Amino acid sequence: SSSQQSVASNSRNTDMCVRDRTLAVVLLAAAGPDGTFSQPVGCFSYNYRFVPIMNDIAGMPFTVGSALECQGKCEGTAGCAYFSFISRSGHCWLSNSSSNAVRAPVEGSVTGPARCQAKDLACSAMPDARFPAITPGKSRATWPGNHQPTNLQCWPRLASGFPRRCPYHVATVLEDTIHGWPGRCENMQKIDDLKHGETCKQRCVQSALCGVWSVENTTSKVKGKETCWHALHGVNCNDGKGPRPVRAQHLMHGSYRRLARLKGLRIPNLTRAFKISHDAEEGRRRCRVACLSYLFCQYWQYSVKEGCWLEDPAAKEVSYPMVLPVNGKGLSDESWDGEFIQHVCRPDSVAPLPTTDFGPKAVRRRSDAPHHTHHPDNMKERDAVGGGGGRSGSSLIMRFLIGLTLLLCSILVCGVAYKMIMDHCRHSASMSKRSKREAKQERRTLQTAVSHSESSRDGLSHQRQQQLQQLQQLQQLQQQR
């Protein structure tokens, strides 16, 4: 039909465009201003579209302004089950219930159902034992609803398609240099625009796409000055030739579900993360950690012959839905082991600070619990967000402790000042009483002295009178003679 020819023509034209295989390819673009979609997590998929399209809809493709408007077109059209919105052109395509999701030839497409459900099946569905199968149709049939979850379908997004930071489990520390991890990753990018008071770790924790951070002081032209490095995921971090860090950490954002165990099967189009390890169990652990730290990684595999391999959409695309290799190569290669995981952001227990979960035991434990999200097993040690040689300015716990310390110091200072004032008042009162007693005693002494003086004067006057009387008597006797 003319509509199908239009779709084919658009596909051929877009295939002629050079697809940028850099980080910009991974950072998807949909329509609309930055902000969060109102739809529940799991409803929309990015860089996918549904085919075939409905061929009896006049005026299609519609030109709309956003994915939400395209979804509204689908909901108001009889027989429409899914929509596909191409942000670059603004085209809106509608599909019925018999269509299937495939990778879109153009980056920035958004697709989803005509109406979102409160809890999307993609965030809880598990395949049966037949997954993966030899054809896309048979692989889809192993999933409830015939739909394999798309990459990061159950992760919150901005309206631009950019992954948001998970507000529930911000980051979990998987490996740390203070616990023996070398941290000399080779694919790091220098971060030279840290804001005043912001640390290297803070920036990484706040970005959902930062899987590893490192601080070192050997590459700067200023002796001893620390340099910050980030990466989407670590490459060859244990045996690499990167700068020796002062501090570095492997982080996992949010939680995850293990959807399938991939044993004895080699998945095409994975990217090597590091070579073989001397300890096969340790190699599998490190490979798993590398995938958990990379938000866009769904598949990891480790081989005792060829090392660790991860999905990296910025380099190569793994088939969707996943199918067995058509040539049968690697179907019975028992040297390969790995997992199909789904990164999720679940509103369960809130853990706003990075928690520490070290060692192979903590990471491997999740292999035995595929239906549960990842929670740190060791909650005793909590790292402040501002690690990496800087202050933890955004740490709520540190702020609380600092505030409590200041409050106690204020109370102590006030108590000392109050005691000094009261002692001074008591001393002043005591001195006043003493002065009054001394003054009273002085008055008594003075009165006694005055009375004695008066008595003495009275005594002298009496003696003089007697002497005068005697003298008068003598004079009279002389006159008589």
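Quick caveat, the model's predicted, so the values are computed rather than measured.
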Inset, instruction - Begin with the C-alpha distance, continue with both residues' side-chain angles, and end with the deciding distance and a verdict on disulfide (SG to SG under 2.5 Å) for Cys123 and Cys154. - result: CA-CA 6 Å; Cys123 301; Cys154 296; 2.0 Å; yes
Inset, instruction - Please name the pair of heavy atoms, one in Ala67 and one in Phe44, separated by the smallest distance, quoted to 0.1 Å. - result: CB-CE1, 4.4 Å
Inset, instruction - Using a strict 4.0 Å threshold on nitrogen-to-oxygen distance, state whether Asp279 and Arg284 make a salt bridge. - result: no
Inset, instruction - Could you tell me whether Arg286 sits above the aromatic face of Phe274, with NZ or CZ closer than 6.0 angstrom to the six-membered ring centre and within 45 degrees of the axis? - result: yes
Inset, instruction - Using atom types as modelled and distance alone, determine if a side-chain donor or acceptor of Asn187 lies under 3.5 Å from a backbone N or O of Val235. - result: yes
Legend entry - Expected output: side-chain Thr77 to main-chain Lys73 donor-acceptor under 3.5 Å: yes
Inset, instruction - Could you tell me whether a side-chain N or O of His91 sits under 3.5 Å from a main-chain N or O of Phe85, the two making a donor and an acceptor? - result: no
Inset, instruction - Provide the closest heavy-atom pair for Pro113 versus Gln71 in the form atom of the first, atom of the second, distance. - result: O-NE2, 3.1 Å
Inset, instruction - Taking Ser277 for its side chain and Glu282 for its backbone only, find out whether a donor-acceptor pair lies under 3.5 Å. - result: no
Legend entry - cation_pi(Arg157, Tyr46) dist<6.0 Å, angle<=45: yes
Inset, instruction - Specify the closest pair of heavy atoms between Asn96 and Ala81, including all atoms of both residues, with the distance to one decimal. - result: C-CB, 3.6 Å
Legend entry - Electrostatic pair Asp192:Lys190 at N-O distance under 4.0 angstrom: no
Inset, instruction - Grab the two heavy atoms, one from Gln153 and one from Ser45, that are nearest each other, plus how far apart they are. - result: CD-OG, 3.5 Å
Legend entry - Worked check of side chain to side chain donor-acceptor pair (under 3.5 Å) between Asn47 and Glu107: CA-CA 5 Å; Asn47 283 354; Glu107 303 293 338; 2.3 Å; yes
Inset, instruction - Could you tell me whether Arg247 sits above the aromatic face of Trp213, with NZ or CZ closer than 6.0 angstrom to the six-membered ring centre and within 45 degrees of the axis? - result: no
Inset, instruction - May I ask you to check whether over 12 heavy atoms, not counting those of Arg115, lie within 6.0 Å of atom CZ? - result: no
Legend entry - Residue pair Ser303 / Glu306, side-chain donor-acceptor N/O under 3.5 Å: no
Legend entry - N/O donor-acceptor pair under 3.5 Å between Asp176 side chain and His250 backbone: no
Inset, instruction - Of all the heavy-atom pairs spanning Cys237 and Trp181, show the shortest one and how long it is. - result: CB-CZ2, 3.6 Å
Inset, instruction - Mind listing the closest non-hydrogen atom pair of Leu295 and Leu152 along with its distance? - result: O-CD2, 3.3 Å
Inset, instruction - Determine whether the aromatic ring centres of Tyr48 and Tyr320 lie less than 6.0 Å apart. - result: yes
Legend entry - Residues Arg261 and Glu339 bridged, charged N to O under 4.0 Å: no
Inset, instruction - Would you mind checking if Arg285 and Glu175 are paired as a salt bridge, meaning a charged N to carboxylate O distance below 4.0 Å? - result: yes
